[in-house]
Amino acid sequence: MVSYTLRYFPIAARAETAKVLLALSGADWKLETPAWPQDKDAQPVGKLPVLIESSDSGDEPFVLGESLAIEQYLATKDGFYFKPDDLNTVTRQNELRSHLKDLYDLGTQIKFAANEEIKAGLRDKFKSAAGYVTKLHEKVLRENGSSGHYFGSTVTYVDAALFANMFVLRSAFIGLAPELLELFSEENAPELNKVYNEVLANPSLASYAAEQK
């Protein structure tokens with residue numbers, strides 16, 4: 001039997017998509033929060049998140065760092081890629097996921113900007129980037145029949161990532177930059193919101209969703 005330990009801070013941030021994938025798969029997993037910075041040197045590259053996969057076979061645990069690598073490992077192992085044997089389709093899914101990471105990274109820069117002048121410039125960058133991302137992703141979702149899924153008719157890796165990143169950005173921008181929330185409103189991004197609500201309604205996420213309230 002396989003179990004997972006996800007090392008991260010007790011916040012919704014870079015590890016959120018991994019948490020959602022673990023919850024959706026029904027995996028046996030737990031969140032472990034290391035003492036920081038005391039345990040920094042104990043991590044593979046001195047940062048979090050880190051995923052540790054253990055089995056009762058007695059094999060050496062598999063330790064993996066880097067948030068996207070963790071997500072893509074879980075998505076591959078637990079069948080969250082649409083047409084996993086089609087390299088072009090898998091790469092397209094990874095591309096769409098990368099767009100969401102770009103927005104997350106800009107949101108993080110806004111949060112930790114040194115002053116209001118820098119924040120204002122970053123907000124403009126975020127608005128521009130979000131405009132391009134929203135336009136493309138809405139098109140991809142419409143082409144899949146406005147079903148609440150990027151590909152096919154079940155939850156895939158990109159669906160989970162969209163849900164996790166919208167949750168994180170909404171949480172961050174409520175007090176930080178509320179005007180940016182409008183970029184992802186039902187009116188401005190109806191297809192993205194369908195995905196968000198479709199993933200949220202998945203029974204496997206019931207305990208995860210309860211913890212976020």
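Throughout, residue positions are numbered sequentially from 1 according to the sequence presented. In this text, all values refer to a predicted model and were calculated from it rather than measured experimentally.
Connection of Val195 to Tyr132 is not established within any shared hydrophobic cluster, with ILVMFWY side chains joined at heavy-atom distances below 4.5 Å, either directly or through further cluster members. There is a path of hydrophobic side-chain contacts, each under 4.5 Å, that joins Ile118 to Leu103.
Across Val155 and Ala160, no two heavy atoms sit closer than the pair CG1-N, 4.4 Å. The shortest non-hydrogen separation linking Phe167 to Glu16 is CE2-OE2, 4.2 Å. Across all their heavy atoms, Val199 and Leu205 have their closest contact at O-CD1, 3.4 Å. Across all their heavy atoms, Ala164 and Val20 have their closest contact at CB-CG2, 4.0 Å. Counting all heavy atoms, side chain and backbone alike, Ala69 lies closest to Leu64 at O-CD2, 3.6 Å. When every heavy atom of Gly152 is checked against every heavy atom of Ser147, the shortest pair comes out as O-OG, 3.8 Å.
With a 4.5 Å cut-off on side-chain heavy atoms, Leu51 and Thr5 do not count as touching. Contact of the Val2 side chain with the Ser54 side chain is not registered, since no non-hydrogen atoms from C-beta on lie closer than 4.5 Å. A heavy-atom distance below 4.5 Å is not found between the side chains of Glu182 and Glu187. Using a 4.5 Å heavy-atom threshold, the side chains of Asp102 and Val133 count as separate. Proximity of Glu66 to Lys47: side-chain heavy atoms (C-beta onward) are separated by under 4.5 Å at one or more points. Counting heavy atoms from C-beta on, the side chains of Ser67 and Thr17 never come closer than 4.5 Å. In this structure the side chain of Pro44 reaches within 4.5 angstrom of the side chain of Val50, judged on heavy atoms. Contact check for Glu143 versus Lys139: side-chain heavy atoms found under the 4.5 Å cut-off.
His149 places a side-chain N or O within donor-acceptor distance of the main-chain N or O of Thr154, the cut-off being under 3.5 Å. Under a 3.5 Å cut-off, the side chain of Asp159 and the backbone N or O of Thr156 do form a donor-acceptor pair. No donor-acceptor pair under 3.5 Å is formed between the side chain of Ser128 and the backbone N or O of Asp124. A side-chain donor-acceptor contact under 3.5 Å links Asp56 to the backbone of Met1.
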Side chain to side chain contact (heavy atoms under 4.5 Å, CB included) between Leu24 and Asn202, intermediate numbers included
CA-CA 8 Å; Leu24 286 169; Asn202 191 295; 3.7 Å; yes
With side chain to side chain contact (heavy atoms under 4.5 Å, CB included) as the test, would you mind laying out the steps for Leu31 and Arg7 before giving the verdict?
CA-CA 6 Å; Leu31 182 68; Arg7 288 180 184 161; over 6 Å; no
The test is salt bridge (Lys or Arg N to Asp or Glu O under 4.0 Å); show your working for Lys125 and Asp105 and say whether it passes.
CA-CA 11 Å; Lys125 284 185 178 181; Asp105 289 343; over 6 Å; no
Hey, mind stepping through Val90 and Asn94 against side chain to side chain contact (heavy atoms under 4.5 Å, CB included) and telling me if it holds?
CA-CA 6 Å; Val90 168; Asn94 289 338; 4.0 Å; yes
Does Phe80 form a side chain to side chain contact (heavy atoms under 4.5 Å, CB included) with Ser25? I'd like the steps, not just the answer.
CA-CA 9 Å; Phe80 286 109; Ser25 70; 4.0 Å; yes
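Enclosure of atom CD in Glu117 is not indicated, since only 12 or fewer non-hydrogen atoms of other residues, nucleotides or ligands lie within 6.0 angstrom.
Tyr157 and Tyr150 have their aromatic ring centers separated by at least 6.0 angstrom.
In this view, Tyr104 satisfies the ring pair (Phe, Tyr, Trp, His ring centres under 6.0 Å) rule with no residue, not counting sequence neighbours. Considering only residues two or more places apart in sequence or on other chains, Tyr196 meets the ring pair (Phe, Tyr, Trp, His ring centres under 6.0 Å) condition with Phe163. Remark: Ile11 pairs with Tyr8, Phe9, Ala13 by the side chain to side chain contact (heavy atoms under 4.5 Å, CB included) rule, at least two apart or across chains.
Checking each of Leu122, Leu106, Leu180 against Lys127 for a side-chain contact (heavy atoms from CB on, under 4.5 Å) leaves exactly one that passes, namely Leu180.
In the model, Tyr81 has no side-chain atom that pairs as donor or acceptor with a side-chain atom of Gln93 under 3.5 Å. Between the side chains of Glu53 and Tyr4, at least one donor-acceptor pair of N or O atoms lies under 3.5 Å.
Aromatic ring orientation, Phe126 versus Phe173: perpendicular (interplanar angle above 60°, classes split at 30° and 60°).
No salt bridge links Arg142 with Glu191; every basic N to acidic carboxylate O contact stays at or beyond 4.0 Å. Salt bridge absent: Glu198 and Lys194 never bring a charged side-chain N and a carboxylate O closer than 4.0 Å. A salt bridge does not link Asp86 to Arg92: none of the charged nitrogens lies less than 4.0 Å from a carboxylate oxygen.
The OG atom of Ser3 lies 7.5 Å from the NZ atom of Lys30; values are rounded to the nearest 0.5 Å. Interatomic distance, Leu136 CG to Leu141 CG, rounded to the nearest 0.5 Å: 9.5 Å. Rounding to the nearest 0.5 angstrom, the gap separating the CG atom in Leu6 from the CD1 atom in Ile70 is 6.0 Å. The line from CD of Glu138 to CG of Asn188 is 9.0 Å long, rounded to the nearest 0.5 Å. Here the CG-CH2 distance, from Leu74 to Trp29, works out to 10.5 Å after rounding to the nearest 0.5 Å. Atom CZ of residue Arg97 and atom CG of residue Asn165 lie 4.5 Å apart, to the nearest 0.5 angstrom.
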